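Here the structure comes first, spelled out in structure tokens, and everything after it is commentary.
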Amino acid sequence: MAIRIIGTGSYLPQKVADNQFLSTIVDTDDEWIRQRTGIKERHLSSGKEGTTYMATHAAEAALENAGITAEELDMIIVATVSADTYVPSTSCSVQGAIGAIRATCFDLNAACSGFMFSLNTAYAYIEMGMAKTVLVIGSETLSREVDWSDRGSCILFGDGAGAAVIQQDDGEGGLIASVTGSDGSQGDVLTCKGRGIQNPFHNSRRRKDYIRMDGQAVFRFAVTMVPRCIKQILKKTETDVEDIKFFVLHQANVRIIELIAKRLRVDLDRFPMNLNRYGNTSSASIPILLDELNRNGLLERGDKLILSGFGGGLTWGAMLIIW
């Protein structure tokens with residue numbers, strides 16, 4: 001039995017903010033941003049393009065690519081840290097929009113690792129016989145979580161959504177192995193606080209916070225944990241690093257990816273990147289990149305891929321899949 005990705009989709013907002021545009025908002029410039037991050041531009045949502053809207057469009061594209069209908073879905077999982085509403089969940093809103101009347105729906109928050117954690121959850125449900133076909137989505141409207149007066153953070157993030165359809169079949173391949181981890185003791189290096197407690201006994205008078213990040217701490221964490229968990233996967237599966245066609249990593253910073261490639265002793269051209277065009281889209285970054293690889297004809301049946309995410313929590317993980 002194989003549990004594999006049978007279709008992908010993505011959606012990026014129409015409006016694009018390049019580095020020159022950001023230089024009119026905060027004290028920065030194109031060279032400063034590109035040298036430190038590798039980002040040239042990012043897509044930002046308009047008024048209508050919220051998390052649910054983008055997730056729905058990515059879902060429809062993935063279903064079309066997979067050649068199945070929404071009625072065939074047993075489950076929808078949406079990874080997000082920027083839902084439009086607390087209730088209903090984004091997944092339930094997507095269900096209503098696409099007509100997936102049979103699907104069980106829930107959201108998952110693991111920050112930038114969210115899509116990978118959701119993919120693991122989908123595989124587990126299918127392996128246990130609790131579902132056969134699952135839609136997994138990463139969707140983020142980070143532009144509403146960013147302080148646009150803080151040049152250290154507003155330059156990093158973009159909006160977007162990516163999706164994948166997971167299904168069981170009688171072939172070989174699919175998910176081979178996965179490792180994940182979390183360290184809540186370092187949670188304060190990347191935060192976005194909600195409203196404070198307000199009730200008859202306490203009024204914090206705290207407004208909604210923005211994304212706050214210790215960039216150096218996140219950098220050190222990523223370049224240490226990602227190579228470590230990828231090596232764990234390779235050892236666990238007795239797979240040679242040269243057998244991996246692509247390393248599909250969370251798109252956060254080009255310097256992070258370059259150093260990970262160096263520590264793994266793998267050529268950088270096997271680490272596809274699109275962060276120069278989209279910035280950091282958190283849980284949406286891996287499925288957006290997967291969809292690009294898929295639609296550009298760069299993935300063939302039997303290709304071995306490593307997926308790896310890392311982000312707030314702190315959370316991290318890697319998985320080996322055969323396309």
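Here the structure is a predicted model, which means the values were calculated and not measured. All heavy atoms count here, side chains included; hydrogens, waters and symmetry mates do not.
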Would you check if Thr224 and Arg263 make a side-chain contact, meaning some heavy-atom pair closer than 4.5 Å?
-> yes
Enter the distance from Gln198:CD to Arg195:CZ here, rounded to the nearest 0.5 Å.
-> 6.5 Å
Indicate yes or no for a side-chain donor-acceptor contact from Gln251 to the backbone of Asn280 under 3.5 Å, with no hydrogens or angles considered.
-> no
Decide yes or no on side chain to side chain contact (heavy atoms under 4.5 Å, CB included) for Leu264 and Lys231, but give the supporting numbers first.
-> CA-CA 8 Å; Leu264 291 172; Lys231 289 177 181 178; 3.9 Å; yes
Kindly indicate whether the side chain of Ile288, heavy atoms from C-beta on, has any atom under 4.5 Å from the side chain of Thr281.
-> yes
Measure from NZ or CZ of Arg151 to the centre of the six-membered ring of Trp32, then state whether that distance is under 6.0 Å and the direction lies within 45° of the axis.
-> yes
Hey, is the main chain of Asp269 close enough, under 3.5 Å, to the side chain of Asp267 for a donor-acceptor pair?
-> no
Side-chain contact, heavy-atom cut-off 4.5 Å: Leu108 with Phe117?
-> yes
Kindly determine whether Ile76 and Ile98 satisfy side chain to side chain contact (heavy atoms under 4.5 Å, CB included), including the steps that lead there.
-> CA-CA 11 Å; Ile76 301 173; Ile98 66 176; 4.2 Å; yes
Is there a chain of hydrophobic side chains (I, L, V, M, F, W, Y, each step under 4.5 Å between heavy atoms) that links Phe271 to Ile286?
-> no
Should Val165 and Val134 count as side-chain neighbours, where that means a heavy-atom distance under 4.5 Å?
-> no
Taking atom CD of Gln14 and atom CG of Leu44, what is their separation to the nearest 0.5 Å?
-> 12.5 Å
Hey, quick one: are Met213 and Met225 part of the same hydrophobic cluster, counting side-chain heavy atoms closer than 4.5 Å, chains of contacts allowed?
-> yes
If only atom types and distance count, is the side chain of Arg255 paired as donor or acceptor with the main-chain N or O of Gln35 below 3.5 Å?
-> yes
Salt-bridge contact Arg4-Asp169 (side-chain N to carboxylate O under 4.0 Å) = yes
Lys132 backbone acceptor or donor facing Gln168 side chain under 3.5 Å = no
What pair of heavy atoms forms the shortest contact from Asp159 to Ser143, and how long is it?
-> OD2-OG, 2.7 Å
So, Asn296 side chain and Leu293 main chain: donor-acceptor pair closer than 3.5 Å or not?
-> no
Nearest heavy-atom neighbours spanning Ala252 and Ile39 | O-CD1, 4.4 Å
Can you say whether the rings of Tyr125 and Phe106 are parallel (under 30°), tilted (30 to 60°) or perpendicular (over 60°)?
-> tilted
Note: Ser113 and Gly311 closest approach over all heavy atoms is OG-N, 3.5 Å
Side chains of Lys15 and Arg42: closer than 4.5 Å at any heavy-atom pair?
-> no
Counting only heavy atoms not in Glu71, do more than 12 sit closer than 6.0 Å to its CD atom?
-> yes
Answer yes or no: is there a donor N or O on one side and an acceptor on the other, between the side chain of Asn274 and the main chain of Arg277, under 3.5 Å?
-> no
Taking everything shown except Tyr210 itself, do over 12 heavy atoms lie less than 6.0 Å from its OH?
-> no
Rounded to the nearest 0.5 angstrom, the CG-OH distance for Asp107 and Tyr86 is 13.0 Å
Run the salt-bridge test on Glu242 and Arg270 with the 4.0 Å N-O cut-off and return the result as yes or no.
-> yes
If we only count heavy atoms from C-beta on, is the Ile244 to Phe247 side-chain gap below 4.5 Å?
-> yes
d(Met116 CE, Thr180 OG1) to nearest 0.5 Å is 6.5 Å
Is any side-chain heavy atom of Leu63 less than 4.5 Å from a side-chain heavy atom of Leu73?
-> yes
Hey, mind stepping through Asp29 and Ser23 against side chain to side chain donor-acceptor pair (under 3.5 Å) and telling me if it holds?
-> CA-CA 5 Å; Asp29 59 59; Ser23 72; over 6 Å; no
Any donor-acceptor pair under 3.5 Å linking the side chain of Asp291 with the backbone of Ala163?
-> no
Does the Lys245 side chain pair with the main chain of Leu298, one donor and one acceptor, at a distance under 3.5 Å?
-> yes
Sidechain-backbone polar pair: Gln95 side chain, Ala103 backbone, donor-acceptor under 3.5 Å = yes
Any side-chain heavy-atom pair from Arg102 and Asp74 closer than 4.5 angstrom?
-> yes
Picking from Asp30, Thr37, Thr28, what satisfies side-chain hydrogen bond (donor to acceptor under 3.5 Å, both in side chains) with Asn19?
-> Asp30
Minimal heavy-atom distance between Ile233 and Thr237, with the atoms involved, is O-OG1, 2.8 Å
Group every Ile, Leu, Val, Met, Phe, Trp and Tyr by side-chain heavy-atom contacts under 4.5 Å, then state whether Ile322 and Ile166 land in the same group.
-> no
At their closest point, which heavy atom of Ala284 faces which heavy atom of Ala161, and how far apart are they?
-> CB-CA, 3.8 Å
If Ile, Leu, Val, Met, Phe, Trp and Tyr residues are connected whenever their side-chain heavy atoms lie under 4.5 Å apart, and connections chain through other members, are Phe219 and Leu268 in the same group?
-> yes
Carefully, step by step, assess Phe221 and Trp316 under the rule side chain to side chain contact (heavy atoms under 4.5 Å, CB included).
-> CA-CA 10 Å; Phe221 152 69; Trp316 66 88; 3.5 Å; yes
CG-CD distance between Asp209 and Glu145, expressed to the nearest 0.5 angstrom | 10.0 Å
Side chain to side chain contact (heavy atoms under 4.5 Å, CB included) evaluation trace for Ile6 with Asn65 = CA-CA 8 Å; Ile6 64 167; Asn65 186 242; over 6 Å; no
Asp243 side, atom CG; Leu234 side, atom CG - distance, nearest 0.5 Å = 9.0 Å
Search all heavy atoms of Ala122 against all heavy atoms of Val136 and return the closest pair with its distance.
-> CB-CG2, 3.7 Å
Tracing side-chain links under 4.5 Å among I, L, V, M, F, W and Y, which residues wind up in one group with Met54?
-> Tyr11, Tyr53
Let me check something: any side-chain donor-acceptor pairs from residues 78-85 under 3.5 Å, sequence neighbours excluded? List them with distances.
unit_1 : atom_1 : unit_2 : atom_2 : d
Thr80  : OG1    : Ser82  : N      : 3.0
Thr80  : OG1    : Ser139 : O      : 2.7
Thr80  : OG1    : Glu140 : OE1    : 3.2
Ser82  : OG     : Glu140 : OE1    : 2.6
Ser82  : OG     : Thr141 : N      : 2.8
Asp84  : OD1    : Thr51  : N      : 3.0
Asp84  : OD1    : Arg144 : NH1    : 3.3
Asp84  : OD1    : Arg144 : NH2    : 2.5
Asp84  : OD2    : Thr51  : N      : 3.4
Asp84  : OD2    : Thr52  : N      : 2.9
Asp84  : OD2    : Thr52  : OG1    : 3.1
Thr85  : OG1    : Pro88  : O      : 2.7

Linking I/L/V/M/F/W/Y whenever any side-chain heavy atoms sit under 4.5 Å apart, do Leu190 and Phe115 land together?
-> no
Please determine if Asp188 and Arg212 form a salt bridge, counting it only when a charged side-chain N lies under 4.0 Å from a carboxylate O.
-> no
Keeping the roles fixed (side chain from Asp147, backbone from Ile211), state whether a donor-acceptor pair exists under 3.5 Å.
-> no
